[in-house]
Amino acid sequence: MACRPFIKNGSRLLRPILFNRIIANGTQDKPPFPRVLPVGLPLQNELPEVKYVPDTPPNHLLYPNMSRRLLECRGVEIVHDKLIHKQFGIMALAPGLMKEGHFNTIRDMVNKRIDMERCFSIWRVDPPWHPWYFKGLNKKRGAGKGSIEFFVTPVKTNRMIIEIGGTLSFDYLYRTLLSIAEALPFPAIPVSQELLDKWDAERKQLQEKNVNPLRWEYLIRNNIMNCHRFTDFYDIEFARYGPKVR
């Protein structure tokens with residue numbers, strides 16, 4: 001009873017908390033319950049729109065131009081090559097560059113063709129950040145780089161482009177995912193966690209049953225028959241992925 005006068009005549013900081021509920025039509029207006037979502041799922045089901053022009057760095061009036069840096073597409077992706085939510089996605093089979101139109105195409109096809117009340121989708125690639133420049137027609141060669149025309153996102157082999165999950169099956173989503181993969185500027189394929197596990201098991205089985213010591217990686221790293229005369233740094237760096245990856 002001693003604290004009742006304090007609550008009734010409390011400070012201004014406590015009044016909004018103590019007297020924010022009103023009675024309307026005989027029912028008490030209670031605050032809504034907090035939205036509880038499963039742990040690990042994104043808050044937004046649809047693919048969000050990405051920024052096609054990155055923010056200008058501090059202390060710069062314009063976005064700085066840079067070289068083509070095709071090294072960003074070289075090799076195999078070793079970080080973003082797995083599914084986070086262990087369901088479905090689209091994986092790149094070759095390197096390439098994604099422009100603004102590719103992001104728009106993927107976003108429209110996913111949000112319009114897939115029931116977003118039963119599943120969700122997230123981006124697995126960065127928004128366009130690499131400036132791509134061109135020289136104007138009939139321009140004199142030299143005099144530095146041309147002006148920035150658009151921005152692109154470099155993609156390596158085995159990189160996940162998007163990821164989709166929910167209550168829908170892979171057979172139900174396969175045709176839509178295949179249409180999205182065919183719209184990309186590089187070869188891509190729809191994948192599921194079951195398919196990735198199957199590929200990993202086959203790869204491990206081949207490595208265990210291989211009795212030939214003269215593998216590609218062994219030959220390159222040990223300079224068999226002085227093969228370093230015909231190889232470069234990237235052949236040695238990506239030797240564990242086989243002769244087709246440089």
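Heavy-atom basis, side chains included; hydrogens, waters and symmetry copies ignored.
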Lys/Arg cation over aromatic Phe186: Arg159, 6.0 Å, 45° cone: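 Judged by the rule (NZ or CZ under 6.0 Å from the ring centre, within 45° of its axis), Arg159 is not positioned above Phe186.
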
State whether the side chain of [X] and the backbone N or O of [Y] hold a donor-acceptor pair below 3.5 Å, judged by distance alone.
{"X": "Asn222", "Y": "Tyr218", "value": "yes"}
{"X": "Gln87", "Y": "Gly166", "value": "yes"}
{"X": "Ser121", "Y": "Asn45", "value": "yes"}
{"X": "Trp123", "Y": "Pro48", "value": "yes"}
{"X": "Asn223", "Y": "His228", "value": "yes"}
{"X": "His130", "Y": "Pro154", "value": "no"}
{"X": "Asp232", "Y": "Asp235", "value": "yes"}

Would a hydrophobic clustering, with Ile, Leu, Val, Met, Phe, Trp and Tyr connected at side-chain separations under 4.5 Å, put [X] with [Y]?
{"X": "Met109", "Y": "Ile122", "answer": "no"}
{"X": "Leu195", "Y": "Tyr174", "answer": "no"}
{"X": "Ile90", "Y": "Phe103", "answer": "yes"}
{"X": "Leu83", "Y": "Ile189", "answer": "yes"}
{"X": "Ile220", "Y": "Phe230", "answer": "no"}

Give the ring-plane orientation class for Phe238 versus Tyr234, where under 30° counts as parallel, over 60° as perpendicular and anything between as tilted. parallel

On the 0 to 90° scale, with breaks at 30° and 60°, tag the His85-Phe120 ring pair as parallel, tilted or perpendicular. perpendicular

[X] side, atom [atom1]; [Y] side, atom [atom2] - distance, nearest 0.5 Å:
{"X": "Phe88", "Y": "Ile164", "atom1": "CZ", "atom2": "CD1", "result": "9.0 Å"}
{"X": "Lys82", "Y": "Leu196", "atom1": "NZ", "atom2": "CG", "result": "9.5 Å"}
{"X": "Leu177", "Y": "Ile162", "atom1": "CG", "atom2": "CD1", "result": "6.0 Å"}
{"X": "Tyr172", "Y": "Thr167", "atom1": "OH", "atom2": "OG1", "result": "10.0 Å"}
{"X": "His102", "Y": "Ile180", "atom1": "NE2", "atom2": "CD1", "result": "13.5 Å"}
{"X": "Thr231", "Y": "Ile236", "atom1": "OG1", "atom2": "CD1", "result": "4.5 Å"}

Can you find a heavy atom in the side chain of [X] that is under 4.5 Å from one in the side chain of [Y]?
{"X": "Met66", "Y": "Pro131", "result": "yes"}
{"X": "Leu214", "Y": "Ile224", "result": "no"}
{"X": "Thr56", "Y": "Leu62", "result": "no"}
{"X": "Tyr52", "Y": "Phe150", "result": "no"}
{"X": "Pro57", "Y": "Pro64", "result": "yes"}
{"X": "Leu184", "Y": "Met98", "result": "yes"}
{"X": "Leu97", "Y": "Thr153", "result": "no"}
{"X": "Glu100", "Y": "Val50", "result": "no"}

Do other residues, nucleotides or ligands put more than 12 heavy atoms under 6.0 Å from [X] [atom1]?
{"X": "Phe134", "atom1": "CZ", "answer": "yes"}
{"X": "Asn59", "atom1": "CG", "answer": "no"}
{"X": "Leu93", "atom1": "CG", "answer": "yes"}
{"X": "Lys86", "atom1": "NZ", "answer": "yes"}

Sort and list the pairs that fulfil ring pair (Phe, Tyr, Trp, His ring centres under 6.0 Å) and have at least one residue in residues 60-83, not counting sequence neighbours.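 Residue pairs with at least one partner in residues 60-83: Tyr63-Phe151.
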
Candidate pair Val110 and Met116, rule side-chain contact (heavy atoms from CB on, under 4.5 Å), full reasoning: CA-CA 9 Å; Val110 169; Met116 282 301 152; 3.3 Å; yes

I need the minimum non-hydrogen distance between Val152 and Lys99, along with the two atoms involved. CG1-CG, 4.1 Å

For Ala181 and Pro190, which heavy atoms make the closest approach, and how far apart are they?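 Shortest heavy-atom contact: CB-CD, 4.4 Å.
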
Give the C-alpha distance, both sets of side-chain angles, the deciding distance and a yes or no for side-chain contact (heavy atoms from CB on, under 4.5 Å) between Cys73 and Val155. CA-CA 5 Å; Cys73 302; Val155 176; over 6 Å; no

Passes side-chain contact (heavy atoms from CB on, under 4.5 Å), Leu47 versus Ile106? Steps please. CA-CA 9 Å; Leu47 277 180; Ile106 296 174; 4.0 Å; yes

Where at least one partner belongs to residues 175-200, residue pairs that pass salt bridge (Lys or Arg N to Asp or Glu O under 4.0 Å), sequence neighbours excluded: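 Qualifying pairs, neighbours excluded: Asp200-Arg203.
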
Which pairs with one or both residues in residues 107-128 pass salt bridge (Lys or Arg N to Asp or Glu O under 4.0 Å), sequence neighbours excluded? Arg124-Glu163

